[in-house]
Each structure stands twice: as structure tokens, then as C-alpha cells.
Amino acid sequence: MNSLIKALTGLLPLLSGLTLSSAYAADEPYEYDPELGEEINEVCAGCHGEYGQGGKEGEYPRLAGLPDAFIATQLHLFRDRKRPNMAMVEYVDERQMPDKEIADVARYISGIKLKTKLPPADENDPDFDAYARLLESRQLMQIPLAQGDVQKGEKLYQKECASCHGKQGDGDHKKAVPMVAGQYTNYLWRQVEKYRNKVRIHDPEDPEDDELLSDFTDAELGDMFAYLSTLDD
Ligand code: HEC
Ligand code: HEC
């Protein structure tokens, strides 16, 4: 009996790969499949890194720890071509990425926790394993310090952004707000441009009144990003 169940669950990823996304509606009972999530993440890893740590200085954003609802929403936007992403479009069409798979990979990546510091190591220790150390260093969340007035940035950030993005910049999982600390500064700047040009919508609940990021000068945003870049230390 057990082996039958195993054989059947082994088939699930295959089957779900074949079903059309319309077969899965949000109100259907959804059962998280971590193995499928991990498997799909191998595709994402080519750009975003195996641990969702991002890469190429923010050309690929960090994904680890983003709220799963935020990740899923962005994948839907990419798939529906409502948020342009040339790099990803071929990976997220309906055939390759039905809703169930979006939900699984989003939850898997959301659950990855990156450390902010490596534990101390002694390179002269005979057991020191340089390769293991290298792998570990790739799982670190460390954003290079950005230039700007950190104190001014902190004040502005806490007043204008923290209510949604969190006091520590770590986002809000319940409300699907992404973290802005631990994210590449270059990436944040690119997104600011997109919101200002209305390529992305910052506040989906009030898209008509979506001027928030246009209300700040580049210098003010630079100060806020400088502050955010200190939060992973
Ligand atoms: C070929 C490279 C590539 C692959 C493969 C890829 N991505 Fe991306 N992804 C990108 C790029 C580039 C961006 C940034 C686009 C931008 O600047 O707006 C991005 C952005 C994202 C974002 C938005 C993050 C944010 O904070 O705004 C999410 C979520 C995401 N990718 C998830 C995934 C998942 C999940 C997979 C695997 C199913 C995946 N990506 C595969 C290149 C890739
Ligand atoms: C009313 C709540 C709210 C406030 C206030 C707010 N944000 Fe956001 N922010 C969001 C939401 C929700 C998203 C995700 C929107 C989407 O789907 O693109 C977001 C996304 C972002 C992103 C893109 C991050 C990514 O990973 O793609 C940046 C950058 C950002 N906000 C900066 C700011 C800054 C800077 C401030 C303060 C000046 C601010 N936000 C204030 C709700 C808010």
C-alpha cells in the first residue's frame, strides 16, 4: 500500500506539469509540495542562485525570505506580461508554470533563510574545508554599503516606509510586502524607476494614487537605501 502511495505521489509532479493552470483555482484545497518546490527552484537557481541569494550585484534580486504571496503575485504578473521581465518570460508561461507550481516554488523560496554572518573559522585548522566555506559564503545575506546620509535615511524610512516594509526593512509576510533590507541597492533603484514610470504598481490597493516614490528626490531615496544597506550588518 505504502509503495503504491509513493508511486502515485512520485507521479504528481509529472501530472501537475501537464495540467493546465485553469485546473487549479485559488479556492481549491491546496497542498504544499516542498519537493516540487525545490525541484522548480533549480530552474530559478540558474539566475537567482541556489539559495535564492540573488546575483550579479542585483541584476538578479534576492528571493530568499520574500513573502510567498509576494513571490507568487510577481510570477503571475510576469506570466500575464503585466510586469515586463524579458529574462523570465520563457520560464513562466502557463504550460511550464501552472498555478500550483507557482504556489509551491513561492513557498519553497520564501522559506529559505540566509545568514548575515559566517561563523568564525580557522584556516589553519586541518579540518578546514575551503570549498564548504565557499558554499557557505554564497548563502550569506550581505549587501554592500550604499552611499548616503544614513541618519537622514533612517528618519525618512521610519516615517514613510516602515509602516508597510517593517521597522527592520524585512517586509510583511501577511500583507505580502517585500523586504527592502538585504536586497541589492541596484535592484531597488531599478524598481523605483519602474514605479515612477508606472511599469510597476507600488500600491495595488490604490493604483490611481500611486505617486509615493515620485514624491521623494533621488537624494532622499539614496539616504534611505544607504540606511537599509546597514541593516544586514
Ligand atoms: C534567466 C534568468 C532568470 C530565471 C531563470 C529566473 N529569473 Fe526571476 N528574475 C530575473 C530578473 C532579471 C529579475 C529582475 C527583473 C527586474 O529588474 O524587474 C527577476 C525577478 C524575479 C522576481 C521579483 C523579485 C522582486 O523582489 O521584485 C521574482 C519573485 C522572481 N524573479 C522569481 C523567480 C522564480 C521563482 C524563478 C524560477 C521559477 C525565476 N525567477 C527564474 C531573472 C530570472
Ligand atoms: C502602503 C504600504 C507601502 C508603503 C508606505 C511603502 N511601500 Fe514599498 N511596497 C509596498 C508593496 C505592497 C510593494 C510590492 C508591490 C508590487 O507588487 O510591486 C512594495 C514594493 C517596493 C519596492 C520594490 C521591492 C521589490 O523587491 O520588488 C521598493 C523598492 C519599495 N517598495 C520602496 C519603498 C520605499 C522607499 C518606501 C518609503 C518611501 C515605500 N516603499 C513605502 C508597500 C508600501
Side-chain angles (χ1 to χ4, degrees), residues 36-50 52 54-79 82-93 96-98 101-110 112 153-166 169-207 209-218 220-228:
L36 183 55
E38 186 175 4
E39 203 177 295
I40 301 168
N41 183 50
E42 284 167 23
V43 177
C44 322
C47 293
H48 293 283
E50 191 182 349
K56 286 205 178 165
E57 286 162 22
E59 181 174 336
Y60 305 122
R62 172 186 151 211
L63 304 179
L66 277 169
D68 61 346
F70 172 78
I71 298 176
T73 305
Q74 300 307 310
L75 290 174
H76 281 276
L77 292 172
F78 297 145
R79 200 179 70 183
K82 289 185 180 148
R83 174 176 167 190
N85 187 337
M86 287 300 288
M88 275 180 63
V89 128
E90 63 174 297
Y91 298 94
V92 290
D93 66 43
Q96 293 189 58
M97 270 273 160
E101 296 196 359
I102 286 186
D104 282 338
V105 73
R107 185 137 158 204
Y108 175 78
I109 293 174
S110 180
I112 301 177
E154 172 171 12
K155 262 200 199 129
L156 260 181
Y157 175 83
Q158 293 300 341
K159 181 158 172 269
E160 305 284 352
C161 324
S163 61
C164 293
H165 287 283
D170 48 4
D172 182 330
H173 278 248
K174 279 207 192 95
K175 295 189 182 146
V177 183
M179 74 247 168
V180 280
Q183 186 57 279
Y184 291 92
T185 308
N186 288 346
Y187 184 72
L188 297 175
W189 273 119
R190 280 214 313 282
Q191 304 317 306
V192 167
E193 282 311 304
K194 288 183 184 165
Y195 290 126
R196 282 174 170 172
N197 296 327
K198 311 258 183 233
V199 176
R200 283 184 75 181
I201 296 169
H202 193 197
D203 185 357
E205 284 175 16
D206 195 5
D209 186 28
D210 199 30
E211 304 291 338
L212 181 66
L213 293 179
S214 305
D215 288 344
F216 298 98
T217 63
D218 284 1
E220 287 171 323
L221 283 166
D223 291 344
M224 288 191 260
F225 292 160
Y227 164 64
L228 290 169

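The structure displayed is predicted, hence computed values, not measured ones. Both counts, for ligands and for their atoms, begin at 1 and track the order of listing.
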task = Check ligand 1 against R190 and write out every atom of the ligand that is under 4.0 Å from a heavy-atom position of the residue.
result = 17 (O)
inquiry  = Tell me whether ligand 1 is touched by Q191 - counting only heavy atoms on the residue side and a distance under 4.0 Å.
reply    = yes
message = Can you confirm, on distance only, whether ligand 1 has an N/O atom lying under 3.5 Å from any N/O atom belonging to H48?
response = yes
message = Using 0.5 Å steps for rounding, measure from the CG atom of L75 to the OH atom of Y91.
response = 14.0 Å
ask   = Between L156 and ligand 2, which residue portion shows a heavy-atom distance shorter than 4.0 Å: side chain, backbone, both, or neither?
value = neither
request  = Please could you name the atoms of ligand 1 that R200 approaches to less than 4.0 Å, counting only its heavy atoms?
outcome  = 27 (O)
ask   = With only distance considered, is Y187 within less than 3.5 Å of ligand 1 through an N or O on each side?
value = yes
Pick from M86, E90, M88, K194: the one approaching atom 21 (C) of ligand 1 most closely through a non-hydrogen atom = M88
query = V43 heavy atoms, cut-off 4.0 Å: which ligand 1 atoms fall inside?
reply = 5 (C)
request  = Could you tell me which atoms of ligand 1, counted from 1 in the order shown, lie closer than 4.0 angstrom to a heavy atom of M97?
outcome  = 38 (C)
Those atoms of ligand 2 less than 4.0 Å from some heavy atom in Q74 = 16 (C), 17 (O), 18 (O)
inquiry  = Under 4.0 Å from a heavy atom of L66: which atoms of ligand 1 are those, numbered in the order shown and with their elements?
reply    = 26 (O)
remark   = By salt bridge (charged side-chain N to carboxylate O under 4.0 Å, His left out), R190 pairs with (sequence neighbours left out) none
request  = Just jot down the ligand 2 atoms closer than 4.0 angstrom to any heavy atom of C164, in number order.
outcome  = 1 (C), 2 (C), 3 (C), 4 (C), 5 (C), 42 (C), 43 (C)
request  = Could you tell me how the ring of Y195 sits relative to the ring of H202: parallel (under 30°), tilted (30 to 60°) or perpendicular (over 60°)?
outcome  = tilted
query = Would you say E59 and ligand 1 have an N/O pair spaced under 3.5 Å apart?
reply = no
remark   = Logged contact type for Y195 with ligand 2, heavy-atom cut-off 4.0 Å, is side chain
remark   = The NE2(H202)-atom 8 (Fe) of ligand 2-NE2(H165) angle, to 10°, is 170°
ask   = Does some non-hydrogen atom of L77 fall short of 4.0 Å from ligand 2?
value = no
request  = Would you please determine whether R62 falls within less than 4.0 Å of ligand 1 on a heavy-atom basis?
outcome  = no
message = Out of V180, V199, T73, I201, who is nearest to atom 16 (C) of ligand 2 when you count heavy atoms only?
response = I201
task = Run the numbers for me: atoms of ligand 1, each under 4.0 Å from some heavy atom of L75, listed by number.
result = 32 (C), 33 (C), 34 (C), 35 (C)
Polar proximity ligand 1 side, Y91 side, N/O cut 3.5 Å exclusive = no
task = Please confirm whether P178 comes under 4.0 Å of ligand 1, counting heavy atoms of the residue only.
result = no
query = Against heavy atoms of A87, which atoms of ligand 1 measure under 4.0 Å?
reply = 1 (C), 12 (C), 42 (C)
key: Proximal atoms of ligand 1 relative to C44 (non-hydrogen, under 4.0 Å)   = 34 (C), 35 (C), 36 (C), 37 (C), 38 (C), 39 (C), 41 (C)
inquiry  = Heavy atoms only: which of I102, N85, I40 lies closest to atom 20 (C) of ligand 1?
reply    = N85
query = Any donor and acceptor pair, going by atom type alone, linking the side chain of S110 with main-chain N or O of L66 inside 3.5 Å?
reply = yes
